[in-house]
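Quick note on labels: first sequence line is chain A, next is B, and so on, each numbered from 1.
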Amino acid sequence: MSDIDKSTAIKLYRTMVRIRVFETVTEKLFLEGKLPGFVHLYIGEEAIAAGVSASLRRDDYILSTHRGHGHTLAKGGDMKKMMAENYGKVTGYCKGKGGSMHIADFSIGMLGANGVVGGQFPISVGAGLSIKMRKTDQVVVAYFGDGAANRGTFHEALNMASIWKLPIIFVNEDNQYASTTRKVRTLSVEHVAQRACAYNVPGIRCDGNDVIAVYKAAKEAIERARRGEGPTLMSCQTYRLKGHFIGDPEKYRTHEEVEEFWKKEPIGRFEKIAFENGWLTEDEKKAIWEEYQKEAEEAVKFAEESPYPDPEEALKDVFVNPLE
Amino acid sequence: MREITVAQATAEALMEEMSKDPTIFIIGEDLTAHGGIFGQFVGIPEKFPDRILDTPISETAIVGAGVGAALTGMRPLVDLHFADFITITMDEIVSQAATMRYMFGGQSKMPLVIWAPDGAGLSAGPHHSKSFESWFMHAPGMKVVVPSTPYDVKGLLKSALRDDDLVLFFQHKKLFKFKGPVPEEEYIIPLKKADVKREGSDVTVVTYSMMVHHTLSAAKRLEKEGISVEVIDLRTIWPFDFDAVAESVKKTGHVVIAHESWKVGGVGAELASQIQEKLFDYLDAPIVRVGAEHVPIPFSPPLEKRVIPDDEDVYRAVKKVLEEA
Ligand SMILES: Cc1ncc(C[n+]2csc(CCOP(=O)(O)OP(=O)(O)O)c2C)c(N)n1
Ligand SMILES: [Mg+2]
């Protein structure tokens with residue numbers, strides 16, 4: 001018997017399913033040639049955003065990555081606006097200016113997905129500093145990959161967050177690969193949380209495919225940050241089940257390896273526990289998947305029926321006050 | 001003559017030079033698994049496994065390592081993955097590599113090539129679509145190459161690898177699959193030398209990289225209207241081949257300068273300024289520039305198309321320069 005309550009368990013499950021459905025639909029649309037640009041899927045890593053976000057408030061901040069759909073959805077993002085952005089439609093979150101890699105929703109504290117790996121670290125420091133100066137009890141979550149941990153920005157930001165005890169949770173999504181490059185070839189430590197000692201912050205390693213483990217670790221780190229006790233570095237071990245981007249030739253790994261990890265994917269793994277604990281029945285499970293399938297289909301309909309932006313829209317939004 | 005792609009021409013230039021010079025090596029992210037993310041190094045990991053190094057995502061250290069290795073007897077080519085990420089490495093490039101020889105009174109050499117795919121048109125969004133070549137013309141100490149065809153890529157990359165100074169080598173992302181004739185025999189194209197990609201007598205269009213192709217298609221259309229366009233592919237924008245530009249300007253008296261990167265403060269601004277300083281009497285009309293709108297490069301196709309110039313923009317610029325004569 002697990003020590004979390006049923007409503008929390010179902011909340012975690014719902015978030016994971018909502019992400020999986022959105023990503024599966026997005027993949028299909030991309031393969032049908034309906035989405036421009038490049039799309040990075042979060043399939044297999046849903047437990048991390050779900051587990052972390054469960055303890056976040058609407059006014060907390062998150063900073064996301066190129067693989068950001070899951071982070072936005074878990075924070076309460078609107079599927080319709082996300083899907084419209086993937087299409088490049090004017091009704092999308094960024095009016096089509098950003099695309100899949102740059103979704104943001106400032107109304108829910110989602111300060112943006114970043115196409116520059118490691119671009120989020122220093123910005124998270126600024127958000128944390130602002131919270132401290134404004135004397136609120138908000139927190140910041142900065143999601144980042146195993147590859148991003150090797151950017152200089154990671155090191156500078158962790159040091160600053162530590163000396164100023166900023167309310168930031170650095171959530172490492174260690175999916176074993178940075179694009180085509182296996183983590184073991186580029187990371188000086190076995191897992192990113194080992195670096196915490198260099199910055200004198202708590203470092204927690206957890207199973208990123210176990211949503212309950214992520215939830216518990218993140219809850220503690222978030223509460224700590226809210227109390228003004230400073231940042232935490234969390235490393236969640238997971239696996240990217242899809243290519244780096246849709247269409248990746250994936251010559252750097254075998255089908256067998258990917259198949260092995262499908263057996264450990266977080267949603268099926270949670271369902272087993274949920275049935276055992278009586279949190280979920282087959283009917284409830286079916287209803288949840290159908291609910292999000294419907295939400296995703298409506299989002300696709302909304303996106304398809306929305307217009308593309310007027311070309312002149314391209315010239316707007318550079319400045320608040322363009323001084324024309 | 002056989003035809004090969006820009007990606008193949010890139011790999012060939014490297015393999016030929018690497019076979020001759022054991023000090024050349026390649027360093028950057030995601031190079032070995034797929035032979036570079038645009039296939040630009042296919043074959044090299046097998047042929048030279050110890051001389052093509054996958055790095056962590058650490059642009060500052062990657063370029064810095066290139067600088068240090070170049071100072072101490074090696075000839076590195078640093079792959080920056082996307083030209084957009086060059087902003088991360090501006091200190092290493094501008095204040096270190098480009099300044100050292102001068103600052104140290106001519107003691108050092110900097111045989112380093114910074115290689116980066118630039119350009120828009122793939123809906124890659126604001127963080128993966130930029131072209132920054134003008135910045136490296138603005139600051140001193142860098143040679144900047146912006147080739148447009150497989151033939152030019154191969155010949156110029158070989159020169160860049162043999163040069164003892166810092167060379168920035170930008171290749172447009174949309175051109176990696178572009179095919180063109182490349183001889184089997186070895187050849188070299190000297191840096192700085194421009195190439196007349198099409199001869200004409202009414203208007204000179206000075207251009208480079210992707211815009212060469214847009215300009216050539218605009219020139220075909222204009223020819224049907226009886227307008228003869230001379231297309232000058234600069235190939236190297238710093239130092240650039242002013243003599244080639246001057247020769248053409250003296251013939252046509254009308255100049256259009258076209259590049260994909262931002263028009264404001266771009267390469268065209270410097271060229272136009274030098275042309276009017278030195279060739280004012282030959283000009284029959286004000287110079288017209290073609291470049292991107294002054295906004296980040298947006299994702300959605302209709303927005304990106306609005307921001308980035310294409311053949312239609314060159315066509316209109318040529319008409320304009322003739323109307324204003
Ligand atoms: C500064 C920078 N360098 C390189 C890239 C190209 N790139 C995009 S994603 C990626 C791999 C990122 O790996 P990781 O941080 O582990 O995140 P994951 O994709 O695995 O979620 C790379 C190299 C980039 N976008 N930004
Ligand atoms: Mg990764």
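Across all non-hydrogen atoms, the minimal contact from L303(B) to A314(A) is CD2-N, 3.5 Å. The heavy-atom pair separating N86(A) from F299(B) by the smallest distance is O-CZ, 3.5 Å. The shortest heavy-atom contact between A33(B) and Y252(A) is CB-CB, 4.0 Å. Listed here is the closest heavy atom pair of D30(B) and S179(A): OD2-CB, 3.3 Å. Residues S300(B) and G88(A) share a closest heavy-atom pair of OG-O, 2.5 Å.
The part of R185(A) that comes within reach of chain B is its side chain, from C-beta onward, which places non-hydrogen atoms under 4.5 angstrom from that chain. Of the two parts of N114(A), the backbone and the side chain both hold a non-hydrogen atom closer than 4.5 Å to a non-hydrogen atom of chain B. For K316(A), no part lies near chain B; criterion is any non-hydrogen pair under 4.5 Å. In this structure, the portions of V116(A) lying under 4.5 Å from any heavy atom of chain B include both its backbone and its side chain. Proximity to chain B is absent for every atom of D146(A), based on heavy atoms less than 4.5 angstrom apart.
In this structure, the separation between CD1 on I37(B) and OG1 on T180(A) is 9.0 Å, given to the nearest 0.5 Å.
Atom CZ of F319(A) has 12 or fewer neighbouring heavy atoms from other residues, nucleotides or ligands inside a 6.0 Å radius. Other residues, nucleotides and ligands contribute more than 12 heavy atoms inside 6.0 Å of the NE2 atom of H155(A). Within 6.0 Å of atom NZ in K81(A), 12 or fewer heavy atoms from other residues, nucleotides or ligands are found, so the atom counts as exposed in its surroundings.
With chain A as partner, the option from I297(B), T87(B), V295(B), L31(B) having the largest number of non-hydrogen pairs under 4.5 angstrom is V295(B).
F178(B) is linked by a ring-ring contact (aromatic ring centres under 6.0 Å, His included) to H213(B), counting only residues two or more places apart in sequence or in another chain. Applying the ring-ring contact (aromatic ring centres under 6.0 Å, His included) criterion to F132(B), with sequence neighbours excluded, gives W135(B).
If you look at H128(B) and F38(A), their ring centroids are not closer than 6.0 Å.
Inter-residue side-chain proximity for E29(B) and T181(A) is flagged as unmet; no heavy-atom pair is nearer than 4.5 Å. Between H34(B) and D248(A), some side-chain heavy-atom pair lies under the 4.5 Å cut-off.
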Quiz item: side-chain contact (heavy atoms from CB on, under 4.5 Å) between L315(A) and H294(B): does it pass, once the steps are laid out?
Solution: CA-CA 8 Å; L315(A) 308 184; H294(B) 211 48; over 6 Å; no
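Residues of residues 115-127 of chain B having a heavy atom under 4.5 Å from any heavy atom of chain A, listed by number: L122(B), S123(B), A124(B), G125(B), P126(B), H127(B). Residues of residues 40-60 of chain B lying under 4.5 angstrom from chain A, judged on non-hydrogen atoms, are D54(B), T55(B), P56(B), I57(B), S58(B), E59(B) in numerical order.
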